[in-house]
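Notes follow the structure.
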Amino acid sequence: MFFKPDILALFVGALLVSSMLLYADYFGVKILRHWDIRSGSELQLALERKTYLITTLMAYAFAFQAASLFLFICTADHLHVFFTGAMCAAGSLNVNPWGYPAAVFKVVNFLLAGMWLTLNYADNQGYDYPLVRQKYLFLLAITPMILAEAAVQGAYFLDLKPEVITSCCGTLFTSVAAKGFFSELAILPPLPTQIACFAGLAATLITGIFFYRQSKGGYLFSSISLLTFIISWLALFSFICLYIYELPTHHCPFCILHPEYHYIGYLFYLLLLGGGLAGLGVGLLMPFRKTTSLEKNLPAFQKRLTLISLFSYVLFAALATYEIVFSNLTLK
Amino acid sequence: MIELKDITKVFNAGRLNEVVAVAGVSLSLEAGQVTVFKGPSGSGKTTLLGLIGCMARPTAGRIMLGDREITSLPERFLTAIRRQTFGFIFQQFNLLKGITVLENIMLPAYPTGESYAALKARAMELLELFNLENKAAAPVEWLSGGETQRVAIARALINQPAIIIADEPTAHLDTRLSREFMEIMRQFRAAGKTVFIASHDPIVYDSDAVNRVVDMRDGQVIVSRAA
């Protein structure tokens, strides 16, 4: 293991989030078993006081969890100087079997943590803890994923050996050489992916505007938004990257994080994750629109999420179009 | 209007210095009346007023304010209720030294976001009501005992609350000022406001401005009777 500040921050952060989550789960089981808002018992009042504290702490923990995705990518990218053969995070993550699974866990858990934060925010809008049970059930459900991430990320950092000679993006994410699940996902044929990506973005825009104006079709918008998130993610590696690098065969998802590309990758990832998460949040909250204490505030919150999602996707599309139009590369 | 259901408040629960301040109190308190909680020190009357005014949460039990249950409310909802529903008059009056009478009165209304001009106009109306308009720009440390008391009452009224809560308001006042205070409470009652006072001062609980007296001892209600 390398004792670098960013590695230690991620390592200790994951341990803290995991321990807090386990305690919140323990408390969540109590909530699920004993919660009765109509009761004025000492236990019920204690649960009401404590849930406020615990969810506030968990909100900060999950905010860190979400932000740690970017710290992880940045750390992996900076680590490449320690490994022979590595030129970016693609090589650093490839030095042991835990790197890429850890990155995937980070992305998935970003979305899960974000969904929990959305649920928690919505619950806080009601005066009678309307989503308290759902919130803790969700917490219990995502616990294995967060713990698995902590374990896999920990294994990745502990298993970093500087003598390892690794392959980098030139081998892993180049059309002519790509092998393996992640590599093959990254080099889908550009033209169909391009059509699917822009069609998905257009569909998200149309359903989003419809939901925003009519307050109908929330599930449809959410589903299309999720689909667009996945397609756009693949599109970024499949063809957008090519225009950024101005190389027809280079699909690396990490080189775009480098200063020579103006760190544009971070913005692409942020927009995609923001769009996907906000869109998912709309669908997540749909079942609770009729809850008495939420019916006033929840539709407005969903509209805000819709706007965030649409804004993120539109900006993503604009940025991708800019890169395509002003690139010296032509794919024909 | 306010219903207390089996309210218990324990401080330092589970420790050697555990104190049961209020023990299983159930009461129905009418709106538009002056109610006095009477009892010796340590009888739980101040704690009970604090619970009614959402200043603290009970350890067990529920409080209904109208048709709304308030003990389970998260803090941000309680803050709004405290601000909009209750006006507090404290034993020491707790005016802030170093700022003027007018600023002291306006202070509890600042978080509401109301325009400064509207607030100032309302504060000046209150000062006129209590014949203090010429003291508006004076620092509070220049005021006499009676003036301090009236400024504290004006401050409690700035957010136009439906309920006034006064904790031992006459503890530091002479007989004349205490009677004056009760006269103001009578006017509040006539204006339709609900008043809760914690006091062991006979001038307060024997006043004909009072509708109801709740006798307390050891955290329990001994008797609740019409005055």
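In the text below, chain A, chain B and the rest are named by the order of the sequence lines, each starting its count at 1. Just so it is clear, the values below take in all heavy atoms, side chains as well, and ignore hydrogens, waters and symmetry mates.
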Does atom [atom1] of [X] have more than 12 heavy-atom neighbours from other groups under 6.0 Å away?
X: B:Lys120; atom1: NZ; answer: no
X: A:Tyr266; atom1: OH; answer: yes
X: B:Asp67; atom1: CG; answer: no
X: B:Arg83; atom1: CZ; answer: yes
X: A:Phe311; atom1: CZ; answer: no

So which part of [X] gets closer than 4.5 Å to some heavy atom of chain B, the side chain, the backbone, both or neither?
X: A:Tyr127; value: both
X: A:Leu43; value: neither
X: A:Thr51; value: neither

Exercise: identify the closest heavy-atom pair between [X] and [Y]:
X: B:Pro74; Y: A:Gly126; answer: CG-O, 4.4 Å
X: A:Leu45; Y: B:Pro58; answer: CD2-O, 3.0 Å
X: A:Gln125; Y: B:Phe77; answer: O-CZ, 3.5 Å

Item checked: A:Glu42 and its side chain to side chain contact (heavy atoms under 4.5 Å, CB included) partner, picked from B:Val10, B:Thr59, B:Thr8 -> B:Thr59
Next item on the list: Nearest 0.5 Å please: distance from the CG atom of A:Asp128 over to the CZ atom of B:Arg68.
Entry: 9.0 Å
Check: For the candidates A:Ser41, A:Ala46, A:Ser39, which exhibits the highest count of non-hydrogen atom pairs separated by less than 4.5 Å from chain B?
Finding: A:Ser39
Check: For B:Arg76, is it the side chain, the backbone, both, or neither that has a heavy atom closer than 4.5 Å to a heavy atom of chain A?
Finding: both
Checklist line | Region of B:Glu69 that comes under 4.5 Å of a non-hydrogen atom in chain A | finding: neither
